Enquirer: 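Below are the structure tokens for one structure; questions will follow.
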Amino acid sequence: METISENKAFGGVQGVYSHQSQTCRCEMTFGLFMPEEARDGPVPVLWYLSGLTCTHENAMVKAGAQAWAAEQGIALVFPDTSPRGDGVADDDAYDLGQGAGFYVNATQKPWAPHFQMWDYIAEDLPSMLQENFALDMSRQAITGHSMGGHGALTLAMSLPGRFRSVSAFAPICNPTGADWGRKQLQAYLGDDSGQWATHDASLLMIEKGFNGPVLVDQGADDQFIDLLRPEALAGAAATRRQHMIHRMQPGYDHSYFFVSTFMEDHVSFHAEALYAD
């Protein structure tokens, strides 16, 4: 692991680091905010998964999460959204390839050699973090925005016991039923739609649900709302009778102005679960 930068922030340290990923087979970069409490021992962890076109940096500088995490004594992890580099496959479209990993393990060419983002978030990066930082990996929560909200929900429901709580900002809720999803899942996973279902939050909600608190915020004026399909997730939660706080926020769009407005709510929501005994 190499340190790219470290800056004092809200009493803690906002760092940016790179490491050679065993799963993605390339150098990966991530941001990590460590609160002041980490000087005295391991602290709980909140993962933030970003959306299409983003790197580790977007949420790190725009979401305003560090102030609220510092108040709660929680570490924040900001992974990248895909593998990157000259030898990594890419596409001219913004919604496929570098910057658009969709948090799946690709099985199809040319994506399979590097696009193993599920294993990267679930196994590779957590292992590296535990080795190098004072993090309490028995107390983890996860959130994300758009494509990252999709990743947060699918990881939380597919890894029972890993995360104490899950939240999302304007997540892609039903990728098997929308253009933001079908294109990418077919490219990465092939034509077998049965493989796609394991990465659809609405289908997973019906099949598995989540044994913990769930919070979803959606801007009612989101310009991408028809692609996100929040009604599918809300309907799935009702079908399963899963407790979920699902809030439609009037006037808000898909931007980081929306995310930053409700970030305090989400960090506080996760803190309650992370510190519950």
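As the structure is a computational prediction, the values presented were derived from the model and not from experiment.
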Enquirer: Under 6.0 Å between ring centres: does that hold for F133 and Y17?
Expert: yes
Enquirer: Is a side-chain N or O of Q116 found less than 3.5 angstrom from the main chain of A106, in a donor-acceptor match?
Expert: yes
Enquirer: Any side-chain heavy atom of R240 within less than 4.5 Å of one from I206?
Expert: no
Enquirer: List the steps, then state whether ring-ring contact (aromatic ring centres under 6.0 Å, His included) holds for F262 with H145.
Expert: CA-CA 12 Å; F262 299 102; H145 174 228; over 10 Å; no
Enquirer: Hey, which of Y103, W118, Y188 is the one that makes ring pair (Phe, Tyr, Trp, His ring centres under 6.0 Å) with H199?
Expert: W118
Enquirer: Any luck finding a side-chain donor-acceptor pair between D124 and T23 under 3.5 Å?
Expert: yes
Enquirer: Check whether E272 reaches the backbone of F269 with its side chain - one donor and one acceptor, N or O, closer than 3.5 Å.
Expert: no
Enquirer: With distance as the sole test, does Q184 use its side chain to make a donor-acceptor pair with the main-chain N or O of D95 at under 3.5 Å?
Expert: yes
Enquirer: Is Y275 atom OH crowded by more than 12 heavy atoms from other residues, nucleotides or ligands, each under 6.0 Å away?
Expert: yes
Enquirer: Within the distance-only criterion (no hydrogens, no angle test), does the side chain of S260 pair as donor or acceptor with the backbone N or O of A63 below 3.5 angstrom?
Expert: no
Enquirer: Does L46 reach the side chain of V267, with side-chain heavy atoms less than 4.5 Å apart?
Expert: yes
Enquirer: Measure from the side-chain N and O atoms of E37 to the backbone N and O of I74, and report whether any donor-acceptor pair falls under 3.5 Å.
Expert: no
Enquirer: If hydrophobic clusters are built by linking Ile, Leu, Val, Met, Phe, Trp and Tyr wherever their side-chain heavy atoms come under 4.5 Å apart, do M117 and L153 end up in the same one?
Expert: yes
Enquirer: Count the heavy atoms of every other residue, nucleotide or ligand shown that sit under 6.0 Å from CD of Q20, and state whether that count exceeds 12.
Expert: yes
Enquirer: Are any side-chain N or O atoms of Q72 and backbone N or O atoms of A69, one a donor and one an acceptor, separated by less than 3.5 Å?
Expert: no
Enquirer: Would you mind checking if D226 and R229 are paired as a salt bridge, meaning a charged N to carboxylate O distance below 4.0 Å?
Expert: no
Enquirer: Taking the side chain from D80 and the backbone from M28, do they hold a donor-acceptor pair closer than 3.5 Å?
Expert: no
